[in-house]
2 protein chains.
Amino acid sequence: MKKIFSFGENNSVELLQEHMPVIKSSPLFIGASEKEINSMLTCLGGTIAKCDKDKYIFHANDNITDMGLVLSGSLRLERNDYWGNRSILSYVGRGEIFGEVFACEPLLSTSISAVANEESMILFMNVQRIATMCGNNCIYHSQLIHNLLSVMAKKAYMLTSKINHVSKRTTREKLLSYFSEQVLLSGSTEFSIPFSRQELADFLSVNRSAMCVELSKMQTDGIINFNKNRFELLTDENPM
Amino acid sequence: MKKIFSFGENNSVELLQEHMPVIKSSPLFIGASEKEINSMLTCLGGTIAKCDKDKYIFHANDNITDMGLVLSGSLRLERNDYWGNRSILSYVGRGEIFGEVFACEPLLSTSISAVANEESMILFMNVQRIATMCGNNCIYHSQLIHNLLSVMAKKAYMLTSKINHVSKRTTREKLLSYFSEQVLLSGSTEFSIPFSRQELADFLSVNRSAMCVELSKMQTDGIINFNKNRFELLTDENPM
DNA sequence: AAATATCGGTTGTAAATATAACAAAAGGTG
DNA sequence: CACCTTTTGTTATATTTACAACCGATATTT
């Protein structure tokens with residue numbers, strides 16, 4: 001990994017201009033102007049680094065102080081268990097942030113690593129400095145804190161929600177739990193889902209094939225209708 | 001729910017003294033002095049309210065702006081699905097905080113409600129004001145932000161970790177995933193768990209009885225040893 | 001249009017799980 | 001200690017799931 005840019009220093013303006021659109025649209029900086037972003041990133045000790053494919057961005061048990069924003073490329077978060085089994089937790093794409101959990105709570109020295117999936121550009125920011133208000137005229141600092149809290153709140157909500165689905169005992173219950181949420185979110189008994197069958201099965205931690213069987217049964221039972229990725233909940237009665 | 005105390009006003013000192021030990025030891029204010037806490041809570045528009053048993057502290061789809069700290073008593077977080085099925089997500093006891101997710105991201109107008117399990121005293125704090133630095137000489141404000149970020153990071157870590165266990169397909173894999181984490185956390189292949197069998201089964205979303213069967217099998221197979229709540233992992237080989 | 005790949009649905013079978021019912025062990029109380 | 005309650009372990013059985021293998025539909029490539 002090679003640092004190629006530091007905010008607050010004399011740098012190539014081109015590189016910055018290239019990546020500014022991603023920064024501007026990221027959840028951390030949404031609504032801020034370029035000038036404000038520059039000011040904030042100077043405040044946060046922002047640096048941009050390039051990471052080659054399959055190189056580690058951080059490693060399990062590293063002491064992490066910075067969170068990252070993927071400017072280009074993508075990376076994956078991996079977990080290693082006691083026996084060295086590696087499993088992929090998630091992919092982090094362009095515009096998404098990562099590492100905020102470990103940067104906010106360094107004691108969670110962790111079994112989790114971040115690896116570049118391809119050649120990637122990463123913007124690193126020091127979280128300690130986000131929490132610590134600077135004395136400068138960095139008036140958007142509190143907006144930044146607000147944004148970070150918002151990002152973490154959304155993540156916690158998403159995780160809680162997923163646990164709710166996955167904790168159900170049968171595939172049918174898992175599906176209905178997920179569908180119920182979609183109905184409540186969309187405000188309609190008809191909704192589209194952003195998953196392929198395989199992705200939905202992975203999300204709910206069930207076998208794709210078994211899930212397809214269950215979906216068909218539910219349609220036969222008159223509980224749901226579906227066509228491709230569009231679903232409809234047909235029952236006002238508790239189907240369980 | 002009845003407000004009985006507001007920080008920054010002339011209030012009964014007794015009530016404050018009664019609950020100060022809980023506040024001081026809560027994760028939000030850990031390390032702060034009583035004077036600092038008073039200053040911060042004035043800053044945050046802190047109020048103390050009493051809530052009777054089985055009364056709602058907040059209701060699904062309320063617009064939540066405050067997070068809470070349980071000073072005495074306890075409450076439960078409930079979720080209602082589309083069909084009105086109510087399930088209990090968690091219990092929140094003395095010294096614990098709740099509602100921070102919704103207060104940080106009000107758009108998550110939610111299917112989740114908080115209900116008093118018994119007569120309870122709750123300290124409410126405005127999260128918007130946590131994120132927004134006050135102009136006062138409230139020097140511990142950034143410590144507070146830091147603490148809040150830390151709390152949310154720990155929660156996200158805990159949730160991610162639980163998803164990792166629950167997402168495994170078989171009971172044995174779920175158990176081993178959990179045990180592996182305990183080994184990594186404790187740094188030893190021997191560890192104690194804070195769950196009864198029923199609680200562990202609920203945590204891993206499996207049937208208690210089936211889990212007991214699996215635990216016995218694993219002992220027979222020479223993968224683990226256990227006695228009451230003390231477990232030992234016996235294998236350096238990947239048991240799966 | 002033929003070849004290829006991807007995706008969704010189906011089937012049969014082996015494996016795993018939930019469930020109920022019960023027994024044994026542990027803990028608490030008068 | 002005797003009694004009761006709670007927790008943990010065991011067994012048998014019905015249900016549910018995973019898995020592999022296959023087919024057909026759809027989309028993509030050449």
Side-chain angles (χ1 to χ4, degrees), chain A residues 85 87-88 91 162-179 182 190-234 238-240, chain B residues 85 87 91 162-179 182 190-232 234 238-240:
Chain A
N85 302 314
S87 63
I88 292 169
Y91 290 92
K162 174 163 177 173
I163 284 181
N164 228 269
H165 306 323
V166 174
S167 295
K168 296 288 192 298
R169 297 302 165 82
T170 66
T171 301
R172 179 174 292 208
E173 280 182 307
K174 290 179 195 187
L175 285 165
L176 285 172
S177 174
Y178 174 67
F179 289 160
Q182 296 312 302
E190 267 189 82
F191 52 90
S192 295
I193 67 171
F195 293 129
S196 72
R197 292 293 185 272
Q198 183 64 63
E199 287 168 335
L200 180 58
D202 288 345
F203 179 72
L204 297 178
S205 295
V206 294
N207 180 280
R208 176 198 65 81
S209 169
M211 187 190 75
C212 280
V213 172
E214 196 57 39
L215 282 172
S216 297
K217 271 194 214 162
M218 289 164 77
Q219 187 150 279
T220 307
D221 292 351
I223 296 176
I224 61 171
N225 260 338
F226 64 91
N227 188 282
K228 297 188 178 177
N229 288 352
R230 187 137 193 96
F231 288 78
E232 186 184 4
L233 255 192
L234 294 172
N238 183 339
M240 290 177 278
Chain B
N85 302 315
S87 63
Y91 289 91
K162 174 165 176 171
I163 285 181
N164 229 269
H165 306 322
V166 175
S167 295
K168 296 289 192 298
R169 297 302 165 83
T170 66
T171 301
R172 178 174 292 207
E173 279 181 307
K174 290 179 194 187
L175 284 166
L176 285 171
S177 174
Y178 174 67
F179 290 160
Q182 296 312 302
E190 266 188 81
F191 52 89
S192 296
I193 67 172
F195 293 128
S196 72
R197 294 292 185 273
Q198 183 65 62
E199 288 168 334
L200 179 58
D202 289 344
F203 179 73
L204 297 178
S205 294
V206 294
N207 180 280
R208 177 199 64 82
S209 170
M211 185 191 77
C212 280
V213 171
E214 196 57 39
L215 282 172
S216 297
K217 270 194 216 162
M218 289 165 78
Q219 186 150 252
T220 306
D221 292 352
I223 295 176
I224 59 171
N225 260 340
F226 63 92
N227 189 281
K228 298 187 181 179
N229 289 353
R230 186 133 193 99
F231 289 77
E232 186 183 4
L234 293 172
N238 183 342
M240 287 178 279

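All chains are named by letter (A, B, ...) in the order of the sequence lines, taking the proteins before the strands, and each is independently numbered beginning at 1. Note that the coordinates shown come from a computational prediction; the quantities given were computed from them, not determined experimentally.
At least one side-chain nitrogen or oxygen of B:Ser216 sits closer than 4.0 Å to the OP1 or OP2 atom of D:dT10. In terms of phosphate contacts, A:Thr170 brings no side-chain nitrogen or oxygen within less than 4.0 Å of OP1 or OP2 of D:dT16. Residue B:Arg172 places none of its side-chain N or O atoms closer than 4.0 Å to OP1 or OP2 of C:dA16.
Without hydrogens or angle criteria, A:Ser167 side chain to A:Ile163 main chain gives a donor-acceptor distance under 3.5 Å. A:Arg197 places a side-chain N or O within 3.5 Å of a backbone atom of A:Lys228 that can act as its donor or acceptor partner.
Residue order along DNA chain D, read from the 5' end via each residue's closest nucleotide, puts A:Arg169 first among A:Arg169 and A:Arg208.
The pair B:Asp221-B:Arg172 meets the salt-bridge criterion, with a side-chain N (NZ, NE, NH1 or NH2) lying under 4.0 Å from an Asp/Glu carboxylate O.
Within the nucleic acid shown, B:Thr171 comes within 4.0 Å of sugar-phosphate atoms alone, with no base atom in reach, counting heavy atoms only. Backbone-only contact: B:Lys228 has heavy atoms under 4.0 Å from sugar-phosphate atoms and none from a base. B:Val206 comes within 4.0 angstrom of sugar-phosphate atoms only, judged by non-hydrogen atoms across all strands, and of no base.
Distance A:Leu215 CG to C:dC7 C1': 14 Å, rounded to the nearest Å. For A:Asp202 and D:dT17, the CG to P distance is 16 Å, given to the nearest whole Å. Between the CD atom of B:Glu173 and the C1' atom of C:dA16 there is a distance of 11 Å, given to the nearest Å. In this structure, CE of A:Met211 is placed 18 Å from P of D:dT16, rounded to the nearest angstrom. The distance from atom CG of B:Asn207 to atom P of C:dT19 is 6 Å, rounded to the nearest whole Å. The distance from atom CD of B:Glu214 to atom C1' of D:dT8 is 16 Å, rounded to the nearest whole Å. Note: NZ (B:Lys168) to P (D:dA18) measures 14 Å, nearest angstrom. Atom-to-atom, CG of A:Asn229 to P of C:dG8 comes out at 7 Å; the value is rounded to the nearest Å.
The one candidate from A:Tyr178, A:Phe195, A:Phe179 that meets the ring-ring contact (aromatic ring centres under 6.0 Å, His included) condition with A:Phe231 is A:Phe179.
Closest approach of B:Leu234 to B:Gly222, counting heavy atoms only: CB-O, 3.5 Å.
The side chain of A:Val213 sits closest to C:dT10 out of C:dT10, D:dA18, C:dA18. Listed nucleotides C:dG8, D:dG9, D:dC19 differ in distance to A:Cys212; the shortest reach to its side chain belongs to C:dG8.
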